[in-house]
Each structure stands twice: as C-alpha cells, then as structure tokens.
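Note on naming: letters A, B, ... go to the chains in the order of the sequence lines (proteins, then strands), and numbering restarts at 1 for each one. All values below were derived from every heavy atom in this structure, side-chain atoms included, with hydrogens, water molecules and symmetry-related copies excluded.
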Amino acid sequence: MADITVELPDGTTRTMPPGSTVADLAGAIGPRLRKDALVGAIGGHLVDLAAPLGDGDQVRIVTAASAEGREVIRHSTAHVLAQAVTRLWPGAHYAIGPAVENGFYYDFELPGGERFTDADLERIEAEMRAIMAEDQPFTRSEHSVEEGLRIFADQPFKVEIITSVSHGADDDEDLGEVEAGPTVSAYTNSPAFRDLCRGPHVPSTGRLGHFRLMRVAGAYWRGDENRPQLQRIYGTAWESAAALDAYLTQLAEAEKRDHRRLVTDLDLLSFPSELGGGLAVWHPRGAIIRKEMEDYSRARHLAGGYEFVVTPHLTNQRLYETSGHLSFYKDGMYPPMELDNGTYYMKPMNCPMHCLIYRSRARSYRELPLRLFELGTVYRYERAGTLHGLMRIRGFTQDDAHIYCREDQLQDEIASLLEFVMSVLRAFGFTEFTANLSTKDPKKYVGSDEIWEKATDALTQALEKFGLPYEIKKGDAAFYGPKIDIDVRDAIGRTWQLSTIQCDFNHPERFDLEYVGSDNARHRPIMLHRALFGSIERFFGVLLEHYAGNLPTWLSPEQVRVLSVRDDHDAYAETVAATLRDRGVRVGVDLASEPLGGRVRTAKMAKIPYVLVVGDDDVAARTVGVNARGRAAAVRGVPLDDFVADVVREIGSHGAPEDE
RNA sequence: GCCUGGGUAGCUCAGUCGGUAGAGCAGCGCAUUCGUAAUGCGCAGGUCAAGGGUUCGAAUCCCUUCCCAGGCUCCA
C-alpha cells in the first residue's frame, strides 16, 4: 500500500505509512503534541485520535486547551457521569448528555421513579473519579440501525433517538448523539457501559478529571413540557485544575455581585411576599439611583428630539383587539377585570397607546419623524418559575419610545438611533457592545417583501456604519418586522441583552395610521419600537452586578459621608456636609458616638464613594481627610473647597473614585 | 406551569429522637471621645411563611396554599 500524504494547518504536508491514525500523526509531529493531543480534525470534522488518516486529508490536531478540546472533555465527562449513574443505580435509563457552555449535563430516568438529591452528587462524583482512575479507553463502534436498536433495547430514550434519526428526522438534539445515516455509532469504555454517540471522545477516561458536579434539575425529555420530566445533572469540566479553579472563582465572584444580595445589603429595594412574586418596592436609597437613571434618560431623550407622553396602566380590551395582541399574548397578561362597561386589562406594553396619540389628529409629513417617549410601567404575568430578582419581574417600567417616520427617513433614523443607544449606554459605563440582527421568518410575517428588505438593509447598514459586531438570526424576527438587539458585556465578561430596535409594519396598518405627504396624498408611516434600558428594573440589576454595587458617584445614593473624630468636631462635620449639600452633593454625617474605625467600616460596607474624616487639623485649616472608595490609604489635609470642586466635577462627568 | 431543594428575629444562620426557640450582625438604651474596615455593657426583637391534620405534646411528621433558589418550558 502506498504512503498517505496529509496536509497540516500551516500548509505543509506530511507523509505517513499506510494505516496511520491521527495519533500517529501527532506523534510524528512531536512527542509533546502526541501527549497533549485529545482529538483530531479531518477536513474540519472532529474525529478520535484512533481515526485512520486518508490520503489528501487536511488534518489538525486538537489539544485540551481549546474551545473544541474543552467541548470534547465535557462530552466525555458526561459519558463518565452516565456510566457512574448506571453503576450506582442499575437499570437507570440515560437519555442525552451533551457539552454545554462551561460544562455538560446528562438526563436520566431512575428505576422506580427515584430522584437524585443534592447528597447523591457527592457519591456520583466519587464513582466518576474511580472510573477516571481506571483509565478506560473510549472505543468507537458502528452498527446498523437494527443492531443499534438491539444493543440499546433496554434504553428507551436511545431507542427513540435511533428510531427518529433513522426516519430522517433532523432534530439538532438527536444529531448531537448520532449522525443521520444508515449506521449509528456507539462508544464503549468498559464492557459494562456503552453509549450511543457520534463522538469524538478523549482516548481514555484517564484524560479527564478536572470537573465538578454542580446541581440536580428537572428537564423535560426533548424540551417538551408535555413529555416526561427527567432528572438532569449539571457539571462543569475543564482541561486543567487551574482552569476549573478560575471558573469556580468566577462563579463565586458572580455570586458576590448578585443584585438580589446587593439590593438587600445596600437597602435599595425589596420583594415583600405580601405583594406576590415579581413585584418590588423601592426603598429611599434605591429610589435615588432610579431617579438619577430616569433623570438622565429624560435629559438625553429631550436633547435627542423626543416628545414625552403619559398613558394609563389600564385599558379596555378593545385596544388590544385593535392591536391584535389579545389573541397572541393573552397568557402573558394579568387576567381581565370584568366591569359593567367592558373588560379591562393591565397594560403589558405601551405601543398601542402611543399609536392612539399619533392618530389623535391628522399628521403632516413635516412632523415626521415623530418620536414619542414614555417611562411606561407595564405588567406581565410571567410564569412563577421564571421570575428572577429584577431581571425577570412582573411589574416593570420600560424606557419605551415609538418613532413614526417616512420610508425615506428610515435609514437615517435607524442610524442615529443606534448611535443614541450606544452613547447612552456608554454613559452608564458599558463599553463593549455586540448585536443580533433578526430577519424575516418566511412562514410568518406581515408587510411587503420590499419593505422588509428595505428595513433589514437599513438595520444592517446602521450596524456596519458603527462597526458593531453582529450575528444574523435568520427567521428570528417578530412577525411585524426585523429588529436589532444590543448586548453589552459587563465587568466580569457576561453579556446582557439590553436594548432593542424593532421595525413594525403591523401597528400602523392595524391602527390605520397615516400622514399627509407633500403630494397631498395619504401615506402610511413606518413605526420603530425601541427601548434602551429595556426595563429600568432590569437595567438597574445589570448595573449593580456590573459595578458589584460600587456605583459611580453620580448614581450613588449617598455620595459622601462625613465622620467627626471627636464630638467637638461635630459642628465642623455639619459645616462640611452643608457645604457639599449646597453644591447638590448627597451627603450623610456620622457623628462621634462610637469609635472612628467602626464608623469607617460601616461607611465602606455601604460602598459610599467618599468617606471624609475631620479632626483637629481639619477644623483649624478648613480641610478634610479623604478616604476614597477602592483606595488603600486616606489622604489627609485636603482643602475643603478643592474636595467639593473635585467631587462636583466627578459627578458631572459620571466618574467614580476608582477612575482617578 | 413542571422537577429538585428551601422558608426559624430586619440580615446571615444553628436548633439532636416530636417535649413551648438560640447565636452573630443590625436596632434601641447607657457608658465610651477615639485620626481611617468591628468600643463595652445592657435591652428589646419570633403566630418557627400561612392554613389544616396526626399526637398528651409539632419549628420538627403529613396535606394544601403562598413565597424563595437552581434548572426545564416560556419571554410579545
């Protein structure tokens, strides 16, 4: 047999003896690579190290510390999880077990309807470590469909997968397990355990080990709430102990900055159970932050050519019949109130009401674009299990605007909108943005193809203009028009979807909105929906987590706290506070009733940007001792007037003590 | 809505086999007068989420409801 020549990623070629595998190739390149190699990629398709090479193949060796490598590790760890569970619970059925972001899961059905508890995780983890210590090889085998059905005869979920794939189903979930085709593949890592799987896997279980089982959860088979609910075990797995530690540290960090903890610790707001789930009351400190956010938003909107409107929280159902929402979204609305003059609903959105304002009189083309803005509070009956602090809540306030414009204005309007959105988000400390562009679902849409194309173009060009990285989500648009969603990246690298810009060809039609053009004829305007924060509550939560509670000075409820060293400095402390207050600074005073150290600590724990300490020297020289948040040492003897000027400047520029 | 786990003082949590509830922090009072992350002592604080059941006796066992956490599903 002739030698095999393969091409490596750098373009060089290498000739190998016939029958060589990916592992042989890695070994030929270097012993270190042979050791680090986890799987290979032939023509971009991941394969086991044991896979044979073919002449002319383009081959790449994949090591553990790569996205592909981690995915393989996670997938292989999931197999070991299933193996451990079948050892501990003989007769357990295992369903699917893919790699996911940061880890993996596996779904099980235990004999006799038994459930996992948190305590079981420890046992399972120990069993997994034993399997890894046994260093079992993962061996691939291929079978006909009939054979596959026989092998997995006692695994009903596997049988269902094999059956559906062999019938040509193209369910993504199934394809994670097996590839469509006349054969199915399986991996055996001990005589006692075999799993249906497309692979590839690490060469042996000994290559795994930097993992941790995280939690038990219920999950519907096939993600369908009408089908049985399985027991899902989630885990995380990494290529090294260091990577695992880094991940666990990041989780701990995220937990520390959980907004639900911070709102309590900082006394910002609460969710009294008397109100029912998903409804918050804002305490004074939280309300100050919120007011600052709203004031800033209003000021920017005013400057941006928006007109403010106000609409009621309650409406007759006729409105939602006109808008068409009722038939679609009734489930998400609070139930109707039947009154003698009709049926009323809490409003779940502001758009239809803004349309009524537009329609309240004849509109001229000269008025367009007409930008209506409202901090509109809406109520949506989110299902109980979906509520999550401020992030998913039942009563919330949208910074909602609807822009009515002519077709020839669409392009410019969208471009300036995008700029406006990013500019406002930057003022809140976000610097990294990405976007998603959702395009037409060909099966479900209203409006002409022409207008869809025009609007999609306008959105695309705006994204290009600002160099915003974006992904196209084909068919993801609402039926009424294409949209851009903007994600921000926070201080610890998580992304949050905040803003949205949506084209709407439906409302203008349903509300019969018109304007009189320069040609004296009636035309239909285009409507844009856009929210910048999305919801104030959610944005507030995101901000808290982004800053870990250390809000920039302009947003801090208490910007400065003045502490006197002894009570004969109390009067001067009050003078300092009054001076700051006169300049619009929010300032508190903590007089000398308990030791200074304790008062400093209290102020620090409240994350107050500036703690001022005043004693003998300061009274004499009209100075303050400045202890800035995030700074190791205090600065003594700062002239009061200098401090006032600095802090006023910082507030105006949306700065924080940490910036200096 | 579904699965699992929870709900004990304002917060964080302990409470053994079913025998009427405990700590730290916070709060209040008194003392302390102190130069940068916890001054001391004392006091008060509870329908053990709510309702029902079992029991001589329930924070503890059972049922229902509400709320919370993590998932699933959903998210106009």
A/Tyr572 atom OH is separated from B/rG35 atom P, nearest whole Å, by 18 Å
What interatomic distance, in whole Å, is found between P of B/rC61 and the corresponding atom of B/rG24? 27 Å
Nearest-angstrom distance, C1' atom, B/rG1 to B/rU12: 32 Å
If pairs are Watson-Crick or G-U with both distances under 3.5 Å, what is the dot-bracket string of RNA chain B, marking crossing pairs with [ ] and pairs to another strand with |? (((((((..((((.....[..)))).(((((.......))))).....(((((..]....))))))))))))....
Take atom CG of A/Asp570 and atom P of B/rG35, then tell me their distance rounded to the nearest Å. 15 Å
Just checking A/Arg212: does its CZ atom have more than 12 heavy atoms from other residues, nucleotides or ligands closer to it than 6.0 angstrom? no
Those residues that, when tested against A/Phe505, pass ring-ring contact (aromatic ring centres under 6.0 Å, His included) (two or more places apart): A/Trp452
Just by protein heavy atoms under 4.0 Å, how would nucleotides 68-76 of chain B read 5' to 3' in B, S and -? SSBBBBBBB
For A/Tyr344, which residues count as a ring-ring contact (aromatic ring centres under 6.0 Å, His included) partner, sequence neighbours excluded? none
Given atom OH of A/Tyr105 and atom P of B/rU4, what is their separation to the nearest angstrom? 19 Å
Sequence-distant partners of A/Thr377, side chain to side chain contact (heavy atoms under 4.5 Å, CB included), two or more places apart: A/His313, A/Tyr379, A/Thr397
Pick the P atom in B/rG70 and in B/rG42, then give their distance to the nearest Å. 40 Å
Nearest-angstrom distance, C1' atom, B/rC13 to B/rG6: 14 Å
Roughly, in whole Å, what's the span from CG in A/Leu230 to P in B/rU4? 13 Å
Length of the CG-C1' vector between A/Asp590 and B/rG35, whole Å: 15 Å
So does A/Ser556 get a backbone contact from the side chain of A/Arg586, meaning a donor-acceptor N/O pair under 3.5 Å? yes
Describe the nucleic acid contact of A/Gly598 in one word from base, sugar-phosphate, nothing, applying a heavy-atom distance below 4.0 Å. sugar-phosphate
Identify every side-chain donor-acceptor pair in residues 277-284 of chain A under 3.5 Å, counting partners at least two apart or on other chains, and give the distances.
{"from": "A/His283", "atom 1": "ND1", "to": "A/Asp267", "atom 2": "OD1", "distance (Å)": "2.8"}
{"from": "A/His283", "atom 1": "NE2", "to": "A/Ser270", "atom 2": "N", "distance (Å)": "3.4"}
{"from": "A/His283", "atom 1": "NE2", "to": "A/Ser270", "atom 2": "OG", "distance (Å)": "2.7"}

Are the aromatic rings of A/Phe643 and A/Tyr610 close, with centres under 6.0 Å apart? yes
Can we say A/Lys483 and A/Asp476 salt-bridge, meaning some charged N sits less than 4.0 Å from an Asp/Glu carboxylate O? no
Are any protein N/O atoms closer than 3.5 Å to N/O atoms in nucleotides 8-11 of chain B? If there are, list each pair with its distance.
none

Check ion pair A/Asp641-A/Arg622 (N to O, under 4.0 angstrom): yes
Can you list the residues that meet the ring-ring contact (aromatic ring centres under 6.0 Å, His included) rule with A/His325, with sequence neighbours excluded? A/Tyr329, A/His507
Could you pull out the protein-nucleic contacts involving nucleotides 26-32 of chain B (nitrogen or oxygen on both sides, under 3.5 Å)?
{"from": "B/rU32", "atom 1": "N3", "to": "A/Ser593", "atom 2": "O", "distance (Å)": "3.0"}
{"from": "B/rU32", "atom 1": "O4", "to": "A/Ser593", "atom 2": "O", "distance (Å)": "3.2"}

When the nearest nucleotide of RNA chain B is assigned to A/Gln231 and to A/Val600 on a heavy-atom basis, which residue is associated with the more 5' position? A/Gln231
B/rC68, syn or anti by chi within 90 degrees of zero: anti
Can you sort out the partners of A/Asp567 under salt bridge (charged side-chain N to carboxylate O under 4.0 Å, His left out), two or more places apart, ordered by chain and number? none
Not counting sequence neighbours, which residues clear side chain to side chain contact (heavy atoms under 4.5 Å, CB included) with A/Arg601? List them please. A/Met605
Checking side chain to side chain donor-acceptor pair (under 3.5 Å) against A/Glu382, which of A/Arg394, A/His388, A/Arg392 comes through? A/Arg392
Sequence neighbours excluded, the answer for side chain to side chain contact (heavy atoms under 4.5 Å, CB included) partners of A/Pro508 is A/Asp504, A/Leu513, A/Arg524, A/Met527
What integer number of Å spans the C1' atoms of B/rU47 and B/rG52? 15 Å
Send over the distance from A/Leu563 CG to B/rU39 P, rounded to a whole Å. 13 Å
Please state the P separation for the pair B/rG53 and B/rG40 - nearest whole angstrom. 49 Å
Ignoring hydrogens and geometry beyond distance, is a side-chain donor-acceptor pair present between A/Gln398 and A/Asn350 at under 3.5 Å? yes
Within the structure shown, what part of the strands sits under 4.0 Å from A/Asp616 by heavy-atom distance: base, sugar-phosphate, or nothing? base
Roughly how many Å apart are B/rG22 and B/rA9, using the C1' atom of each and rounding to a whole number? 10 Å
Of A/Asp567 and A/Gly597, the one whose closest RNA chain B nucleotide lies more 5': A/Asp567
Quantified in whole Å, what is the P atom distance between nucleotide B/rC66 and nucleotide B/rG57? 29 Å
